[in-house]
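Taking it in order: structure first as structure tokens, then the write-up.
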Amino acid sequence: MPAPFVPSRPVHIVGVGSCLGAPIFGPAAGPRALRALGLDAQLRQRGVRARWEALFEPSAPKPPHPPMPERLALVSNLLHDLADSVAGICDEGAIPLVLGGDHAIGAGTWRGVARSLAPRGKLGLIWIDAHLDAHTERTTHTGNIHGMPLSALLGVGHEALTGLPGPHLDPAHVAIVGARSWEPEELELLQKLGVKIFFMPEVQARGLPAVLCEAMTIAREGTAGFGVSVDLDSIDCAALPATTCLVPDGLDPQELVDALHGLRSCADLMALEIVEYVPERDRDGSGAGWVRDIAAAALGPTTAQLRQREDTFGARNYAPLPVVFTRGEGVWLWDVEGRRYLDMMSAYSAVSFGHSHPRLVRALTEQASRLALTSRAYSNDRLPLMLERLSALLGYDRALPVNTGLEAVETAIKAARKWAYKLKGVADGQAEIIVCANNFHGRSTTIVGFSSEAQYRDGFGPFAPGFCSIPYGDAAALEAAITPNTTAFLFEPIQGEGGIVIPPAGWLARCAEVCRQHNVLLIADEVQTGLGRTGRLLACEHEGVRPDGVILGKALGGGLLPVSAFLANDALMQVFRPGDHGSTFGGNPLAAAVADEALRLLADERLAERAARLGATFLARLQAIESPLIREVRGRGLLIGMELDTRRVNARTAAEWLLARGLMTKDTHDSVLRFAPPLIVGEPELEWAAEVIEDALADLATRFPGAQA
């Protein structure tokens, strides 16, 4: 029985619709608007156990503002209620998510958290804000109380704010991140108290992750727990205008979200506060989206929790490497703890154009809003255009669209067999197809039946007859295996899953000649190698070979959808009649729109040529690495395999070593590391990858000096 699932801590949302301390009334509507938008449900969809606890909405004084003492009394009453609510949530073992309102509420949020934590120790605090919020009633230039909460938490200011039950915060454990607007009195006070301030120039110079890491050290070392307060005006107002004080040159919202992912693995995170959301300025809803993303990043489930869920509730047909990804952009991926990785796998070439390429995402979303699926019982206006472009690009008369590479391989098998019976004259049920040892064409029962990998076959028989296997790269073996019943030779120009195996020079050209002589179809599985991966549109082009049929997939879907196709001329494709073969989703308008744009992108950015140039440089760089662990480095274009000495270390261990250094790859057959980055990768990224690989292998060589333990 699997271990019982251990969920993350529950999150209780407290909304504080207050503008008692703010210069405008807009933020008072923020919490109610977020509740109406279903923030709690959105967080639950992302694995956060969120529910609404309370919504405080005090009456706001109308202009002109009453005197400062009266406003302080109103704010103090609110802060007492808020502090009591937050302390109660903490005492229950839950995490408060406090949503403001103006930032004056911070004086109540963190006093309540500190009160609950006091029996165990001090509270540390990270204050992410464009402002220092360290005025008192005597130093404020504007008369707005929302500029006073941090000084109040440190015990400086009016009794109405400083006198809430609970300990004051220790300035040595408080860090401000992103400050770029303040008055001299605030800065003087905080520097006198010893609060660490990371001003925006430092954040820009060092990078937010490094600064936030140091801020967390300040807030966590010597404390029993810490909290994070995010004022949305810390974010650049050009990216997020839905906040109270619009201050330019702030944090990038996506960088902030990525960095805050690191909080979810902190068991000592006590609470999160997000303030100053102004819905009336949120015309496109992006502001509410960033509030959701900030909360989900910090409070979502950890890698361990998500992997445990997958292990508990999912079939165990994969053994993934120990990482859980949440976002991808270009050649980079981010995990749920905010760590960044260079993608050197590109999902087995499916992400050849990089993650979330803007043109492909635009094609997807625009088409999804128009028409996604009708089935092939009807025609749609996108498929004909994609089929024409695909056929013209590769020079074949027709293409039959399906979904996955496996389906396209099955389509090719059906086409070859029917061609044998209807046109070649092979007796019904006697057609034979020659395949290569160590192949990988998919995992249907038909395909695994002719696999030479024992595990792929174990327990899945009986298997379909009609397949003959020969050694890969042996043209003489092909000719010897051909009989009058042979209909096709199905092969991979480079065996990817087989270990990035490159056939001998001239092998494919000779195979094409043999097939022509014996009236045998030459069918290339270019699911992984096609569409620029090896430096040519098709890997077969390296030997000037034009197969009778080509199987495409992976990159055709732009990394967004499963799209595949079987291409051939009329001489072969004519065997299909309506009803012979089909797919509910194959050729749907959504997939056709994305595939069409992917083909345009391939040509516009000259990605095949790019793969040829960068691949040659990267291959030479890897081959120059001197390591006793390397047996061979081989490849073509941006499809490269590094074979390791498994007597010293296996490729799975090496892949995990690279993953720990921020480089994502995968082993194959326990002996080969595969490197196949998106085709949009640049030279700096490849050089960094080579340095990481070299460093990791040097480390492994010292750890595994002899036979593997």
So which heavy atom on [X] is nearest to which on [Y], and how close?
X      : Y      : result
Phe199 : Leu187 : CZ-CD1, 3.7 Å
Leu272 : Ala298 : CD2-CB, 4.0 Å
Val361 : Leu560 : N-CD1, 3.9 Å
Glu656 : Leu321 : CG-CD2, 3.5 Å
Arg307 : Pro322 : NH1-CA, 3.4 Å
Ala319 : Arg652 : O-NH1, 2.8 Å

Answer yes or no: is there a donor N or O on one side and an acceptor on the other, between the side chain of [X] and the main chain of [Y], under 3.5 Å?
X      : Y      : answer
Thr243 : Glu276 : yes
Asp282 : Ala288 : yes
Asp84  : Gly88  : no
Glu186 : Asp133 : yes
Thr217 : Cys213 : yes
Arg46  : Gln42  : no
Thr140 : Thr136 : no
Asn144 : Gly147 : no
Ser151 : His135 : yes
Arg281 : Thr244 : yes

Report yes if the side chains of [X] and [Y] come closer than 4.5 Å at any heavy-atom pair, otherwise no.
X      : Y      : answer
Ile145 : Leu161 : yes
Leu78  : Phe56  : yes
Met216 : Ile126 : yes
Arg111 : Leu79  : no
Leu208 : Asp252 : no
Leu164 : Arg115 : no
Leu125 : Val113 : no
His12  : Arg51  : yes

Verify side chain to side chain contact (heavy atoms under 4.5 Å, CB included) between Leu153 and Val174, making sure each step is shown before the conclusion.
CA-CA 10 Å; Leu153 287 169; Val174 176; over 6 Å; no

Any chance you could measure [X], atom [atom1], to [Y], atom [atom2], to the nearest 0.5 Å?
X      : Y      : atom1 : atom2 : answer
Ile89  : Ser116 : CD1   : OG    : 10.5 Å
Phe198 : Ile218 : CZ    : CD1   : 4.0 Å
Trp182 : Leu189 : CH2   : CG    : 15.0 Å
Leu169 : Trp127 : CG    : CH2   : 9.0 Å
Arg362 : His357 : CZ    : NE2   : 9.0 Å
Leu658 : Leu700 : CG    : CG    : 7.5 Å

Between Arg35 and Leu55, does the side chain to side chain contact (heavy atoms under 4.5 Å, CB included) criterion hold? Intermediate values first, please.
CA-CA 9 Å; Arg35 189 171 74 167; Leu55 178 59; 3.7 Å; yes

Take a 6.0 Å sphere around [atom1] of [X] and say whether it holds more than 12 heavy atoms from other residues, nucleotides or ligands.
X      : atom1 : value
Glu188 : CD    : no
Glu310 : CD    : no
Glu329 : CD    : no

Restricting to salt bridge (charged side-chain N to carboxylate O under 4.0 Å, His left out), what partner residues turn up for Asp258, sequence neighbours left out?
Arg327

Would you mind writing out the side-chain donor-acceptor pairs for residues 263-270 within the sub-3.5 Å range, not counting sequence neighbours?
unit_1	atom_1	unit_2	atom_2	d
Arg264	NE	Ala297	O	3.1
Arg264	NE	Val336	O	3.0
Arg264	NH1	Pro301	O	2.7
Arg264	NH2	Ala296	O	2.8
Arg264	NH2	Ala297	O	3.4
Ser265	OG	Gly262	O	3.2
Asp268	OD1	Arg220	NE	3.3
Asp268	OD1	Arg220	NH2	2.9
Asp268	OD2	Arg220	NE	3.0

Criterion side chain to side chain contact (heavy atoms under 4.5 Å, CB included) on Leu132 and Leu150, from CA distance to verdict:
CA-CA 8 Å; Leu132 298 181; Leu150 189 53; 5.9 Å; no

Determine whether the side chains of Asp343 and His355 contain a donor N or O and an acceptor N or O closer than 3.5 Å.
yes

Return yes if a side-chain donor-acceptor contact under 3.5 Å exists between Ser229 and His103, otherwise no.
yes

Arg180/Asp233 salt bridge by N-O under 4.0 Å criterion
no

Taking Asp311 first and then Arg316, would you say they form a salt bridge - that is, a charged N and a carboxylate O separated by under 4.0 Å?
yes

Partner of Val230 under side chain to side chain contact (heavy atoms under 4.5 Å, CB included), chosen from Val291, Ile128, Leu251:
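Checked Val291, Ile128, Leu251 against Val230; only one passes side chain to side chain contact (heavy atoms under 4.5 Å, CB included): Ile128.
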
For Glu685 and Trp332, what are the C-alpha separation, side-chain angles and deciding distance, and is it a side chain to side chain donor-acceptor pair (under 3.5 Å)?
CA-CA 10 Å; Glu685 290 87 3; Trp332 298 99; 4.5 Å; no

Verdict with supporting geometry, Thr109 and Val14, side chain to side chain contact (heavy atoms under 4.5 Å, CB included)
CA-CA 10 Å; Thr109 298; Val14 178; over 6 Å; no

